[in-house]
Amino acid sequence: MEDQINDSTPSVLAVARQNLDILSTHGESDTLTYWDIVRSILDLFRTSLSAQDVLKALELGWEGLRMKNELSPETMPMKRLILARSATLCMARQGVRVTGLWEDAVQVVITHVRGGDPIFIKNVFTSNPLKQWILTVFSDADFCPNYNIRLDLLTIISTWEQFEANEGKSVLSGLMQLSVYLDADEHLVPNAGVPSLEVPWFDVMCKLSKGDHLNEIYKKALIQMETLSVGGEARWLNRVVELVSARTDVAKKRLAVGWLRASDALLVLESSLVLLAIFIFSSRSIETFSCRGLLQVAAVALIKITTSIVDMIPSLRTYIYRCMKMVHTVDHILKVVITCPRLQSLVSTLRKDHGEELDRISQHTYRMGIPLQFLPEAIDDDTTINCPERFVDSLTFSVMEAPVLLKTSQVTVDEATLLYLLLQEPSLCPFTRTPLHHDDDSFCRLPDLQHEIQVWRASQSSPDTPTSPKTPQVESHQP
């Protein structure tokens, strides 16, 4: 690429530097203005530049804009975005790989985008060549090894009105790769003085859900869970749900110590509820989240988010109407859970595995005068009292429905427990700490034992529905 670099670039940059010095001393005149400097930089971005020259041009252009801002501040936001867009187009035309100094150049562009007016951003980064290059950087680790820069590109990607089919695939590909680096505390909750990805990430997730972009993800994840061949799609859905519930915990802790404004905490809760509804309890996703493994993930998320909302309401009294609206939204989700035939196993899981949380939520909402009408009632799981020991999951101590043998430890657990373990990163046997892989014969189903359990269940005269496997309490392995 070096042979394409504009030979006149050093002189153009030198003249721009000299003219800025003149303007800072003598001010604008009929023959020289700050906008003349910025225009010369924008013209320079239409040529091929090295990373060092792009950085220098951005520096000079920004200096010119800052000095001009003192004279006409109303034009500053849009012109700042135009500067960032021109630099990005320069990189896109050259098809640069974002390594070395190019990383610094992209980071400067993102800084300008964050400092721009949101009203103007939507109309700035929409040309096809520019979008294609941004998506390549975002979704291709070889093209841009720096995951922080790729995550920061959500700031730009979130400004696009919608995603076309191929764009949605690229965005999903990037998100699936980068989800392991996303952290609820660092990225997805407002932090005073520190740029956050909270709004860009939420906007991108909502836009993906509005189209058909997630349908293939749900289908593949369902097949993976049913065949015990957990792959990237199922793990990504699990990770998204974990992040959604984790950000409410972070918001609750920050609000309690005064590190988060009540208005920001409320926005976190509201957006988390939206994501919970569209990613788990929409017509497209219910079938996937009603299968073993992901069902337990859904139960934990619903309990955690509801608990955070209930716990934070006393600190959000100023916004009592919006708080009541959130409670009604939770009740609507619970109504879907209670009335949907596919989700009856989820109801059983909530009642038997999360009884204490359900009781606590019920008591708190009743005392606040906003009871949840469709909150399931907790029940005692006493099915293991007279149950043969070999029918009991060695990790959750509940009666198994579909037993599987972990070969490295020779321990038997329920299929739901195994799937929960396979969804974790890394997937490890909790007894031997050895990796679990679906393709290396790490485990096997036990159909004969399953039949014995079914016969035993049939012999029990209990009015309760069959036991739904508990969510295993295993170590979390964060990256």
Side-chain angles (χ1 to χ4, degrees), residues 107 110-111 113-114 118 121 138-139 146-160 171-210 214 217 235-280 285 297-298 300-309 311-312 315-316 322 326 329-330 423-425 476-479:
Q107 200 62 66
I110 292 169
T111 300
V113 173
R114 284 179 171 147
I121 293 176
F138 181 70
S139 62
N146 189 323
Y147 68 85
N148 283 315
I149 286 179
R150 294 166 66 200
L151 283 173
D152 283 340
L153 284 177
L154 287 171
T155 305
I156 296 176
I157 294 172
S158 65
T159 66
W160 302 342
V171 172
L172 274 171
S173 174
L175 285 171
M176 289 174 66
Q177 296 172 45
L178 294 167
S179 64
V180 69
Y181 302 111
L182 267 175
D183 180 77
D185 195 349
E186 181 181 354
H187 299 115
L188 302 180
V189 177
N191 197 354
V194 180
S196 169
L197 292 175
E198 177 213 3
V199 173
W201 183 72
F202 173 76
D203 288 344
V204 168
M205 301 301 274
C206 288
K207 287 170 185 173
L208 286 171
S209 69
K210 287 179 181 177
L214 294 175
I217 297 289
R235 286 197 179 99
W236 181 69
L237 289 177
N238 174 61
R239 181 62 179 154
V240 169
V241 175
E242 283 182 345
L243 288 169
V244 171
S245 57
R247 66 199 292 263
T248 63
D249 286 339
V250 173
K252 180 168 66 174
K253 292 174 183 176
R254 288 189 186 174
L255 181 66
V257 296
W259 292 354
L260 186 66
R261 295 180 301 180
S263 57
D264 287 335
L266 188 63
L267 287 173
V268 170
L269 293 178
E270 290 173 334
S271 59
S272 294
L273 261 185
V274 170
L275 291 174
L276 184 73
I278 63 179
F279 267 83
I280 298 181
S285 57
V297 171
V300 170
L302 181 57
I303 289 293
K304 279 188 175 182
I305 293 175
T306 303
T307 299
S308 293
I309 291 172
D311 289 347
M312 292 168 70
S315 302
L316 302 173
R322 288 168 67 182
M326 282 194 298
T329 301
V330 171
L423 286 170
Q424 309 309 306
E425 291 282 4
S476 175
H477 298 277
Q478 296 293 335

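Start at 1 with the first residue, then count along the sequence. Keep in mind that the numbers below use all heavy atoms, side chains included, and drop hydrogens, waters and symmetry copies.
Shortest non-hydrogen contact noted between Leu182 and Leu243 is O-CD2, 3.8 Å. Across Ser209 and Leu214, no two heavy atoms sit closer than the pair CA-CD1, 3.7 Å. The shortest heavy-atom contact between Val241 and Ala301 is CG1-CB, 3.3 Å. Residue Ala265 comes nearest to Met312 through the heavy atom pair CB-CE, 3.6 Å, listed as atom of the first residue, atom of the second, then distance. A pairwise comparison of heavy atoms in Leu255 and Leu260 identifies CD1-O, 3.4 Å as the closest pair. Minimum interatomic distance between Ile280 and Ala298 (heavy atoms only, all atoms of both residues): CG2-CB, 3.8 Å.
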Do Val244 and Ser272 pass the side-chain contact (heavy atoms from CB on, under 4.5 Å) test, and can you show the C-alpha distance, the side-chain angles, and the key distance before you say yes or no? CA-CA 6 Å; Val244 171; Ser272 294; 3.9 Å; yes
Taking it one step at a time, do Val274 and Phe202 satisfy side-chain contact (heavy atoms from CB on, under 4.5 Å)? CA-CA 9 Å; Val274 170; Phe202 173 76; 4.0 Å; yes
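Atom CG of Leu208 is separated from atom CG of Asp203 by 11.0 Å, given to the nearest 0.5 angstrom. Here Asn148 contributes atom CG and Tyr181 contributes atom OH; the two are 10.0 Å apart, rounded to the nearest 0.5 Å. Put simply, CZ on Phe138 and CD on Gln177 are 8.5 Å apart, with the number rounded to the nearest 0.5 Å. Rounded to the nearest 0.5 Å, atoms CG (Asn238) and OG (Ser179) are 9.5 Å apart. Atom CG of residue Leu197 and atom CG of residue Asp183 lie 11.0 Å apart, to the nearest 0.5 angstrom.
Judged by distance alone, with hydrogens and angles left aside, the side-chain atoms of Lys207 form a donor-acceptor pair with the main-chain N or O of Ser158 at under 3.5 Å.
Evaluation of the side-chain hydrogen bond (donor to acceptor under 3.5 Å, both in side chains) rule for Thr306 yields no partner, not counting sequence neighbours. Residues passing the side-chain contact (heavy atoms from CB on, under 4.5 Å) test with Ser285 are Tyr218, Ser282, Phe289, sequence neighbours excluded. Scanning for side-chain hydrogen bond (donor to acceptor under 3.5 Å, both in side chains) contacts around Asp152 gives Gln107, Arg114, with sequence neighbours left out. Lys304 meets the side-chain hydrogen bond (donor to acceptor under 3.5 Å, both in side chains) test with no other residue; sequence neighbours excluded. For the side-chain contact (heavy atoms from CB on, under 4.5 Å) test, residues two or more places apart in sequence or in another chain that qualify with Glu270 are Leu266, Leu267, Arg322, Met326. Residues forming a side-chain hydrogen bond (donor to acceptor under 3.5 Å, both in side chains) with Asn146 (at least two apart in sequence, or on another chain): Glu103.
Counting heavy atoms from C-beta on, the side chains of Leu188 and Val250 never come closer than 4.5 Å. Here the side chains of Ser245 and Ile305 are in contact, with some heavy-atom distance below 4.5 Å. Between Ile278 and Leu275, some side-chain heavy-atom pair lies under the 4.5 Å cut-off. For the pair Leu153 and Pro200, the minimum side-chain heavy-atom distance is 4.5 Å or more.
Between Arg254 and Asp185 there is a salt bridge, since a side-chain N of the basic residue sits under 4.0 Å from a carboxylate O of the acidic one. Note on Glu198 versus Arg247: salt bridge recorded, some NZ/NE/NH1/NH2 to OD/OE distance being below 4.0 Å.
For the side-chain contact (heavy atoms from CB on, under 4.5 Å) with Met176, the qualifying choice from Leu237, Val240, Val171, Ile217 is Ile217, the only one to do so.
Counting only N and O atoms by type, the side chains of Arg235 and Gln424 include no donor and acceptor under 3.5 Å apart. Of the N and O atoms on the side chains of Thr248 and Ser308, at least one donor lies less than 3.5 Å from an acceptor on the other residue.
Using cut-offs of 30° and 60° for the angle between ring planes, the Trp236 and Phe279 rings count as perpendicular.
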